[in-house]
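Scope of the values below: all heavy atoms of this structure, side chains included, with no hydrogens, waters or symmetry mates. Chain A is the first sequence line, chain B the second, and so forth, proteins listed ahead of strands; every chain is numbered from 1.
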2 protein chains.
Amino acid sequence: MIPGHPHTTDSCRPVSEILARVGDKWSVLVVVQLGCGRMRFSELRRALAGISQKMLTTTLRGLERDGFVTRTVHPTVPPKVEYALTELGFDLLGPVKALGDWAAANGPRMDAARARFDAVQAGAG
Amino acid sequence: MIPGHPHTTDSCRPVSEILARVGDKWSVLVVVQLGCGRMRFSELRRALAGISQKMLTTTLRGLERDGFVTRTVHPTVPPKVEYALTELGFDLLGPVKALGDWAAANGPRMDAARARFDAVQAGAG
DNA sequence: CGGCATCCGAATAGATACTG
DNA sequence: CAGTATCTATTCGGATGCCG
């Protein structure tokens, strides 16, 4: 029990919403990647290394819809489409990078806990 | 690489990892909920209102495995199992709440962007 | 009360082929 | 090069039934 706990945390609802929007497998990766600067479709695909072309398209559409990225079509031959973060997208980078820093700092602790848990499971059945 | 760009964000990898662990539909909700204090299984289920017993069990197992929550069994009749955040879990609350605050503050902007996008799609095909 | 096993439907993600 | 459409495999998540 936490004595004198504020219990004012209504973070549940908004966290759930933001996670429903960018909590999928690729959205955050794309946002972080675009945080390095505008990129074209194939550059993103190369940078993300593992995403399928379909998923990249779907993810970018969703991010564009929610106002995180812009899509610029250059009417050239061959076609060239560039994606960039909006102000909202850059804004999102703040808390996302905070989470990233946390993960980088505490990832080993998570790994250790997992190893411990698995060892106990194996030993105690 | 973008010339003259900061490019200090190597948050890609860790963000991906933390998202793979707590980016599912319920994990963060459970963590935030437990941030209010230790709770037993049925309390959590009531508080989350919508989660199935199977998912709650699965989610709690995952969080326990990664060292975010502890599971305490009271050998009473009827049985009583309580869950609480570990120090790592409380630590996670920081960046998660930051993300929650951001979502609460910018949710309207996301909604507006979405409405705008949908309107353009309807108008321009 | 807490939890596991099983089955089933829905949603997701990937491969492939085709268009402009 | 960028994107769409289709098909399929995998995963997710819920309902049910049984156990300690």
Nearest whole Å is fine: how far is C:dC1 P from B:L56 CG? 14 Å
Whole angstroms only, please: what is the CH2-P distance between A:W26 and C:dT12? 16 Å
Quick one: is D:dA2 close enough that its OP1 or OP2 comes under 4.0 Å of any side-chain N or O from A:R40? yes
Output the single nucleotide from D:dG3, C:dG14, D:dA2 whose closest atom is nearest the side chain of A:R71. D:dG3
Tell me the closest heavy-atom pair linking B:D24 and B:R21, and the distance in Å. OD1-O, 3.5 Å
Over how many whole Å does the gap from A:H74 atom NE2 to C:dG20 atom C1' extend? 18 Å
Length of the CD-C1' vector between B:E43 and C:dG3, whole Å: 17 Å
Side-chain N or O of B:S42 versus OP1/OP2 of C:dG2: is the shortest distance under 4.0 Å? yes
d(B:R38 CZ, B:E82 CD) to nearest 0.5 Å is 5.0 Å
Do the side chains of A:L56 and A:V30 get nearer than 4.5 Å, heavy atoms only? yes
Testing C:dC4, D:dC1, C:dG2 for proximity to the side chain of B:R61, the answer is C:dC4
Whole-Å gap separating P (C:dG3) and CD (B:Q53): 8 Å
Smallest separation among heavy atoms of A:V22 and B:L19, with atom names: O-CD2, 4.0 Å
note: B:K25, atom NZ; C:dA11, atom P; distance rounded to Å ~ 10 Å
For A:P79 and A:I51, find the nucleotide of DNA chain C closest to each by heavy atoms; which residue's nucleotide sits nearer the 5' end? A:I51
Just the rounded figure in Å: distance from C1' of C:dG3 to OH of B:Y83. 8 Å
For the side chain of A:K54, starting at C-beta, report the closest nucleotide among C:dC1, C:dA15, D:dA2. C:dA15
Note: for A:L60 and B:D24 on DNA chain D, the residue whose nearest nucleotide lies more 5' is A:L60
Is any side-chain heavy atom of B:R71 closer than 4.5 Å to one of B:V69? no
Interatomic distance where CE belongs to A:M55 and P belongs to D:dT8 [whole Å]: 18 Å
Looking only at side-chain atoms of A:P78, point me to the closest of D:dG13, D:dC1, D:dC7. D:dC1
